[in-house]
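Take a look at this one; I'll ask things after.
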Amino acid sequence: MTAFTVALVLVVAAAGLLRWWRPAWYWLAFGVTLAALRVLVRYRSVMDACGLTVPPARWRLSLARATNRPIPEPRPPRIRRLRPTRTGLVLRLKLRPGQDVFDIAAASDRLRHSFSMFGVTSREVRSGVVEVRMTGYDVLKRVQMPAETETRAMRVPVALREDGSVHYRDYRAIPHALTLGATESGKSVYQRNLVAGLAPLDVALVGIDCKQGVELFPLARRFSALADSPDTAAELLDALVARMADVYRLIRTQQRITVDVPDAEIAADIWDLPDELRPTPVVVLVDEVAELALYATKEEERRRDRIITALVRLAQLGRAAGIYLEICGQRFGSELGKGITMLRAQLTGRTAHRLNDETSANMAFGDIAPDAVLAAIQIPAELRGLAIAGDASGGWHRIRAPHTSLRQAVNLCNRYADRTPDLPELAPFRPTTGTATELVPSAKASPATA
């Protein structure tokens with residue numbers, strides 16, 4: 001009996017240590033079994049307490065009265081599947097007649113407390129079927145991406161959602177996106193994860209970094225074109241607009257609109273073209289959009305209008321030509337001048353890290369998900385990398401990108417430097433790569449400057 005007691009104490013101590021030090025290990029070792037039992041045992045009573053049951057059918061009541069049997073109890077949604085995951089449980093429910101998916105969503109917080117889970121979210125799989133995802137611990141506190149993720153053309157994993165699923169940046173579904181974040185909010189780390197995910201793909205990366213290139217120029221070996229000033233950015237954007245026109249001319253010549261050609265073979269964008277004719281897709285990363293929109297003189301104002309006009313054209317017409325925009329900035333508001341709200345309307349994807357003002361949050365989510373505005377401005381300063389991600393569908397999620405250092409991103413870009421395509425239109429803007437000291441100056445001052 002003494003040995004059993006000692007073993008039990010050691011198991012309990014190990015479970016407590018794992019829960020504090022490695023919550024993911026604790027969940028896989030102990031938590032998932034306890035949580036599944038808790039859900040199955042409490043399910044009927046919890047659903048009844050949350051108002052997620054329906055009265056029995058009339059024929060059941062009539063049959064019970066006719067046979068002198070007890071009145072049937074109210075029926076909760078039927079469990080179709082209970083699947084454990086590395087971060088929680090996935091419960092698939094079949095709704096009863098009269099129930100709605102919004103009933104489950106409204107009761108998410110009560111279900112979280114009743115089942116003793118960290119978080120509960122729900123989504124409709126199809127008519128009458130709802131998937132409830134429950135997380136057993138705070139997956140955003142220490143982000144660990146799964147070892148295997150779904151790979152697809154122009155679709156890269158960049159962060160982890162609060163329900164434990166992977167957040168992907170899918171350029172085929174959401175061509176253009178806006179990413180906002182104050183200083184030290186984790187926006188640069190999110191951008192590095194994006195570049196790291198795109199580096200192994202057959203895609204051309206184009207960067208505009210008006211902070212003298214301190215963010216993007218260390219990654220220059222994987223970039224087909226880089227601009228470090230507004231003047232160079234204006235010329236680079238004009239070259240992209242010219243490339244877009246050339247791609248459209250190519251698509252026009254390859255459309256093959258004849259009577260005997262099936263509809264599926266008629267080309268309308270670059271992805272409908274044969275592999276040997278398809279132009280290389282281009283992802284344009286703008287590190288600080290406000291630097292492109294600010295001006296102090298008449299000449300700078302004309303340059304600013306030229307830049308914003310080119311960005312709006314690329315946002316409106318670039319998708320079919322395989323040109324995708326990633327607009328990043330600390331501040332994004334109507335005070336940046338004319339054309340900004342027009343540009344925002346074309347940026348379907350929205351990601352907001354910690355923001356210092358409500359106006360930027362409204363510019364990010366006010367037109368697609370008003371309830372995400374409050375969540376964006378309530379992100380605590382100590383949780384760097386935490387962000388709110390949404391799109392034009394109105395849905396939004398809390399996400400957090402895994403920490404990727406600049407050195408890790410540089411090494412990854414150097415590894416896939418051979419995948420950097422040479423685009424003739426962008427050849428004048430191809431960065432010159434040299435030694436590491438040329439790209440990243442040494443922190444030690446020379447004797448002459450000390």
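These values consider heavy atoms only, across backbone and side chains, with no hydrogens, waters or symmetry-generated copies.
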Exercise for the section: Could you tell me whether a side-chain N or O of R278 sits under 3.5 Å from a main-chain N or O of I270, the two making a donor and an acceptor? Expected result: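 Such a contact is found between R278 side chain and I270 backbone.
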Problem - Pair S360-R331, side-chain donor/acceptor within less than 3.5 Å - result: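 The answer is yes; a qualifying pair exists.
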Problem - Contacts of type ring pair (Phe, Tyr, Trp, His ring centres under 6.0 Å), residue F332, not counting sequence neighbours - result: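 In terms of ring pair (Phe, Tyr, Trp, His ring centres under 6.0 Å), with neighbours along the sequence ignored, F332 is linked to no residue.
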Handout entry: Point-to-point distance, once rounded to the nearest 0.5 Å, from CG of L292 to CG of L343
Key =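 One finds 10.5 Å between CG of L292 and CG of L343.
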Exercise for the section: May I ask you to check whether over 12 heavy atoms, not counting those of Q408, lie within 6.0 Å of atom CD? Expected result: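 More than 12 within 6.0 Å, yes.
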Practice task
Check salt bridge (Lys or Arg N to Asp or Glu O under 4.0 Å) between E184 and all other residues, then give those that pass, not counting sequence neighbours.
Solution key: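 Per chain and number, E184 pairs via salt bridge (Lys or Arg N to Asp or Glu O under 4.0 Å) with R384.
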Please tabulate, one pair per line, all N/O donor-acceptor pairs under 3.5 Å involving side-chain atoms of residues 203-219, not counting sequence neighbours.
| from | atom 1 | to | atom 2 | distance (Å) |
| --- | --- | --- | --- | --- |
| D209 | OD1 | K211 | N | 3.2 |
| D209 | OD2 | V214 | N | 3.3 |
| D209 | OD2 | E215 | N | 2.8 |
| D209 | OD2 | L216 | N | 3.1 |
| K211 | NZ | D287 | OD2 | 3.4 |
| E215 | OE2 | S188 | OG | 3.4 |

Problem - Test item: H167 side-chain N/O and L160 main-chain N/O as donor-acceptor pair under 3.5 Å - result: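 Side chain of H167 to backbone of L160, a donor-acceptor pair under 3.5 Å: no, none is there.
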Handout entry: Name of the residue among V130, V129, V132 meeting side-chain contact (heavy atoms from CB on, under 4.5 Å) with R92
Key =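 With R92 as partner, side-chain contact (heavy atoms from CB on, under 4.5 Å) holds for just one option, V129.
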Exercise for the section: Return the set of residues passing ring pair (Phe, Tyr, Trp, His ring centres under 6.0 Å) with Y324 (not counting sequence neighbours), or none when no residue passes. Expected result: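 Y324 satisfies ring pair (Phe, Tyr, Trp, His ring centres under 6.0 Å) with Y171 once adjacent residues are dropped.
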Exercise for the section: Report yes if some heavy atom in the side chain of D269 is under 4.5 Å from a heavy atom in the side chain of R319; otherwise report no. Expected result: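 The answer is yes, as the side chains (C-beta and beyond) meet within the 4.5 Å cut-off.
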Problem - Min side-chain heavy-atom separation L314-L325 under 4.5 Å - result: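 Touching, per the 4.5 Å side-chain cut-off.
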Practice task
Could you tell me the separation between the CD atom of Q346 and the CD atom of Q316, rounded to the nearest 0.5 Å?
Solution key: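 Between Q346 CD and Q316 CD, I get 4.5 Å after rounding to 0.5 Å.
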Practice task
Only counting residues at least two apart or in another chain, list the ones meeting side chain to side chain donor-acceptor pair (under 3.5 Å) with Q330.
Solution key: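 Applying side chain to side chain donor-acceptor pair (under 3.5 Å) to Q330 gives T183.
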Exercise for the section: Taking the six-membered ring of Y295 (Phe, Tyr or Trp), confirm whether the NZ or CZ of R304 is under 6.0 Å from its centre and within 45° of its axis. Expected result: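 No cation-pi geometry.
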Exercise for the section: For the residue pair S229 and D231, confirm or rule out a side-chain donor-acceptor distance under 3.5 Å. Expected result: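 No donor-acceptor contact under 3.5 Å links the two side chains.
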Exercise for the section: Report the residues that fulfil side-chain contact (heavy atoms from CB on, under 4.5 Å) with R112, sequence neighbours left out, ordered by chain and then residue number. Expected result: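 Counting only residues at least two positions away or on another chain, R112 forms a side-chain contact (heavy atoms from CB on, under 4.5 Å) with D109, V120.
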Exercise for the section: Considering only NZ, NE, NH1 and NH2 on the basic side and carboxylate oxygens on the acidic side, decide whether D246 and R243 come within less than 4.0 Å. Expected result: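 Here D246 does not pair with R243 in a salt bridge, since their nearest N and O are not under 4.0 Å apart.
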Problem - Test item: R400 side-chain N/O and L140 main-chain N/O as donor-acceptor pair under 3.5 Å - result: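 Flag set: sc R400 to bb L140 pair under 3.5 Å.
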Exercise for the section: Just grab all the salt bridge (Lys or Arg N to Asp or Glu O under 4.0 Å) pairs involving residues 78-91, residues at least two apart or on different chains. Expected result: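 Every candidate salt bridge (Lys or Arg N to Asp or Glu O under 4.0 Å) pair involving residues 78-91 fails, so no pair, neighbours aside, qualifies.
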Practice task
For H353 and L180, indicate whether the former's side chain and the latter's backbone hold a donor-acceptor pair under 3.5 Å.
Solution key: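 Between the backbone of L180 and the side chain of H353 there is a qualifying donor-acceptor contact (under 3.5 Å).
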Practice task
Indicate whether the side chain of D163 and that of T135 have a donor and an acceptor atom separated by less than 3.5 Å.
Solution key: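 No, no side-chain donor-acceptor contact under 3.5 Å.
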Problem - salt bridge (Lys or Arg N to Asp or Glu O under 4.0 Å) against R415, all qualifying residues, sequence neighbours excluded - result: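 Scan of R415 (salt bridge (Lys or Arg N to Asp or Glu O under 4.0 Å), adjacent residues dropped) gives none.
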Problem - Check: A364 main-chain N/O paired with R350 side-chain donor or acceptor under 3.5 Å - result: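 Side chain of R350 to backbone of A364, a donor-acceptor pair under 3.5 Å: yes, one is there.
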Exercise for the section: Check for a donor-acceptor pair, side chain of Q99 on one end and backbone N or O of R96 on the other, with a separation under 3.5 Å. Expected result: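 At least one qualifying donor-acceptor pair exists.
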Problem - Sequence-distant partners of F365, ring pair (Phe, Tyr, Trp, His ring centres under 6.0 Å), two or more places apart - result: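 None.
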Problem - Contacts of N411 that satisfy side chain to side chain donor-acceptor pair (under 3.5 Å) - sequence neighbours left out - result: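 Result, side chain to side chain donor-acceptor pair (under 3.5 Å) vs N411: R407.
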Problem - Atom CZ of R430 with >12 non-hydrogen neighbours under 6.0 angstrom - result: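 More than 12 heavy atoms, drawn from other residues, nucleotides or ligands, come within 6.0 Å of this atom.
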Exercise for the section: Would you mind reporting whether R155 and E150 have side-chain heavy atoms less than 4.5 Å apart? Expected result: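 Yes. Closest side-chain heavy atoms under 4.5 Å.
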Problem - For E382, side chain to side chain donor-acceptor pair (under 3.5 Å) partners two or more places apart - result: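 Side chain to side chain donor-acceptor pair (under 3.5 Å) list for E382, sorted by chain: empty.
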Practice task
Please round to the nearest 0.5 Å and tell me the distance separating atom CG of L34 and atom OG of S116.
Solution key: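 The CG atom of L34 sits 10.5 Å away from the OG atom of S116.
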Handout entry: D305 side chain reached by K338 side chain, heavy atoms, under 4.5 Å
Key =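 Yes. Closest side-chain heavy atoms under 4.5 Å.
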Practice task
Return yes if some donor-acceptor pair links the side-chain N/O of D103 with the main-chain N/O of D100 below 3.5 Å, else return no.
Solution key: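 Indeed, once roles are kept as given, a pair shorter than 3.5 Å links the two residues.
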Handout entry: Partner set under salt bridge (Lys or Arg N to Asp or Glu O under 4.0 Å) for E301, not counting sequence neighbours
Key =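 Residues passing salt bridge (Lys or Arg N to Asp or Glu O under 4.0 Å) with E301: K298.
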Problem - Check: N193 and P402 side chains under 4.5 Å, non-hydrogen atoms - result: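 Answer yes - side chains close enough.
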